[in-house]
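What follows is a single structure, written as structure tokens, with notes after it.
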Amino acid sequence: MASKLAPWIRLSNGQKMPIVGLGTWRSYKNEAEKAVKDAIDIGYRHIDTAFVYENEHEVGRAINSKIAQGKVKREDMFVVTKLAGIHHGPELVEHACRKSLSKLDVGYIDLYLMHFPVALAYSGDEIVRGTGELTDTDYLDTWKAMEILIDLGLVKGIGLSNFNSQQTDRVLQNCRIRPVVNQVECHPALNQKKLIEFSRQREIAITAYCPLARPIPEQKWPDFLYDEQIREMANRYKRTPAQICLRYLIQLGTIVIPKSARKERIAENFDCFDFELSPADVAIMDQYNNGTRLVPFNGTEHHKYYPFSAEF
């Protein structure tokens, strides 16, 4: 059975990036491998991981398995991973990228993101849960080292994650190679409309992580997924509340990367790009925006590069 594929956008450097991808944060080991295999079978061609997720090896193994089966070619896939805070030292950036590449074993990285503007002290490549010792490494120095990765052919594009508007502008004013993406928390309760418009004007795409706000069904969380207005909307469109929320974010102009390990949910999340919400329904969705942030990066609030003190 032929899989339908998500539409793509063209990034400022010419790359084609599918507007729906699979997030893999908190998908561990075998769970991540199975989720990626299921996603590729369903039609996903955009897979998002990171050094700190500790599943790059499994993500790469799943992709290579599907390539070996003839399901996809490497050039069909858009693979995203991220530079960890412990690797912000300019002398560590290439080392970190090559380490991720070795784990993924996919030849090159389509998009390499600086995971967070705040740097951590390096004492080896092992991930330490919780916030380690913070350092004052300037993310501009880290960025300049990331630019070299493109020169070396290790990555196709580079970008940011969790950067605010002021930090993004600082990178733009001092870079040789422009960031093509900023990946940020974005869902109906934190719709990021100001940052999306700011980024659009600068030809930077916004990827929305936690686009469904990390649902906990037994607690009926988040509230908006269980709100009567969204349920009524879902009935009218013959969709699920999750699909309504993902479609809303797509219409705001973001790329969505919902995470799931269940095949039926992975398929449901993918089925969100062949219908359109009316302007009136978009206005209803706008009302859920209340600034709720689920990933505040606790322990870094007093650092000079902490990004979430700014308005957007």
Side-chain angles (χ1 to χ4, degrees), residues 8-19 21 23 46-52 78-85 87-90 92-94 96-97 100-101 108-119 137-186 192-211 249 252-257 295 297 303-308 310-312:
W8 49 265
I9 64 166
R10 192 175 293 279
L11 301 178
S12 64
N13 66 353
Q15 286 182 282
K16 295 178 179 180
M17 186 173 186
I19 65 169
H46 168 189
I47 309 295
D48 182 273
T49 184
F51 184 88
V52 298
F78 194 95
V79 181
V80 183
T81 193
K82 308 178 190 76
L83 180 80
H87 294 132
H88 274 216
L92 293 169
V93 170
E94 182 182 340
C97 181
S100 286
L101 256 177
Y108 58 89
I109 293 166
D110 293 277
L111 180 61
Y112 197 50
L113 306 179
M114 194 186 315
H115 208 151
F116 196 61
V118 176
T137 302
D138 191 329
Y139 56 80
L140 287 184
D141 295 331
T142 309
W143 182 260
K144 289 171 184 175
M146 289 177 65
E147 292 175 329
I148 295 170
L149 303 176
I150 290 185
D151 302 333
L152 294 171
L154 302 177
V155 307
K156 302 289 188 183
I158 51 177
L160 310 170
S161 184
N162 297 296
F163 274 57
N164 64 34
S165 58
Q166 297 165 9
Q167 293 169 330
T168 301
D169 258 347
R170 185 167 177 250
V171 172
L172 288 171
Q173 291 162 13
N174 292 278
C175 67
R176 175 171 63 90
I177 299 175
R178 294 167 57 88
V180 295
V181 164
N182 187 11
Q183 183 180 128
V184 297
E185 180 182 344
C186 181
Q192 300 278 20
K193 288 179 77 170
K194 290 183 178 180
L195 185 60
I196 292 167
E197 176 57 22
F198 165 91
S199 302
R200 185 192 64 78
Q201 293 174 4
R202 289 155 180 79
E203 296 186 296
I204 296 173
I206 291 290
T207 299
Y209 73 75
C210 292
L249 296 179
L252 291 186
T254 75
I255 298 156
V256 295
I257 50 168
V295 190
F297 286 83
H303 194 279
K304 63 181 178 179
Y305 295 140
Y306 182 72
F308 303 141
E311 181 188 357
F312 64 94

Closest non-hydrogen atom pair between T142 and H88, with its separation: OG1-O, 2.8 Å
Could you pull out all residues at least two apart from E203 that satisfy salt bridge (charged side-chain N to carboxylate O under 4.0 Å, His left out)? none
ring-ring contact (aromatic ring centres under 6.0 Å, His included), paired with F308, selected from Y306, Y305, F312: Y306
Is it true that R200 and E197 make a salt bridge, defined as a side-chain N closer than 4.0 Å to a carboxylate O? yes
Apply side-chain contact (heavy atoms from CB on, under 4.5 Å) to K144 and R176, showing your working. CA-CA 8 Å; K144 289 171 184 175; R176 175 171 63 90; over 6 Å; no
If you look only at pairs with a residue in residues 149-182, which of them pass as a ring pair (Phe, Tyr, Trp, His ring centres under 6.0 Å), with sequence neighbours excluded? Y139-F163
With sequence neighbours excluded, residues passing side chain to side chain contact (heavy atoms under 4.5 Å, CB included) with R10: W8, K16
For residues 152-162, dump all side-chain donor-acceptor pairs below 3.5 Å to protein atoms at least two apart in sequence or in another chain.
from : atom 1 : to   : atom 2 : distance (Å)
S161 : OG     : Q183 : O      : 2.9
N162 : OD1    : Y209 : OH     : 2.6
N162 : ND2    : H115 : O      : 2.9

Least distance between heavy atoms, S100 atom then I109 atom: CB-CD1, 4.4 Å
Side chain to side chain contact (heavy atoms under 4.5 Å, CB included) with D141: which residues, sequence neighbours excluded? P90, D138
Got a sec, which residues hit side chain to side chain donor-acceptor pair (under 3.5 Å) with T254, two or more places apart in sequence or on another chain? none
Under the side chain to side chain contact (heavy atoms under 4.5 Å, CB included) test, residues paired with A205 that sit two or more places apart: I9, L11, V181, I255
Ignoring hydrogens, what is the shortest heavy-atom contact between L249 and C186? Give both atom names and the distance. CD1-O, 3.6 Å
As a quick check of understanding, evaluate side-chain contact (heavy atoms from CB on, under 4.5 Å) for F78 and I47, giving each step before the final call. CA-CA 6 Å; F78 194 95; I47 309 295; over 6 Å; no
By salt bridge (charged side-chain N to carboxylate O under 4.0 Å, His left out) - contacts of R178 (at least two apart): none
Hey, does P307 have a side-chain heavy atom less than 4.5 Å from the side chain of F297? no
Look up atom OG1 in T168 and atom CZ in R202, then write down how far apart they are to the nearest 0.5 Å. 8.5 Å
Excluding sequence neighbours, so at least two apart, what forms side chain to side chain donor-acceptor pair (under 3.5 Å) with H87? D125
Could you list the residues that satisfy side chain to side chain donor-acceptor pair (under 3.5 Å) with Q166, not counting sequence neighbours? none
Among D169, N164, I204, which residue meets the side chain to side chain contact (heavy atoms under 4.5 Å, CB included) test with F198? D169
Student check: side-chain heavy atoms of V180 and M17 closer than 4.5 Å: no
Would you compute the distance between atom CZ of R170 and atom CG of L172 and round it to the nearest 0.5 angstrom? 12.0 Å
Per the salt bridge (Lys or Arg N to Asp or Glu O under 4.0 Å) rule, what does the pair list look like for residues 110-119, sequence neighbours excluded? R74-D110
Enter the distance from L252:CG to I206:CD1 here, rounded to the nearest 0.5 Å. 11.5 Å
What pairs with E311 under side chain to side chain donor-acceptor pair (under 3.5 Å), at least two apart in sequence or on another chain? K194
With side chains defined as the heavy atoms from C-beta onward, is the minimum distance between L195 and N182 less than 4.5 Å? yes
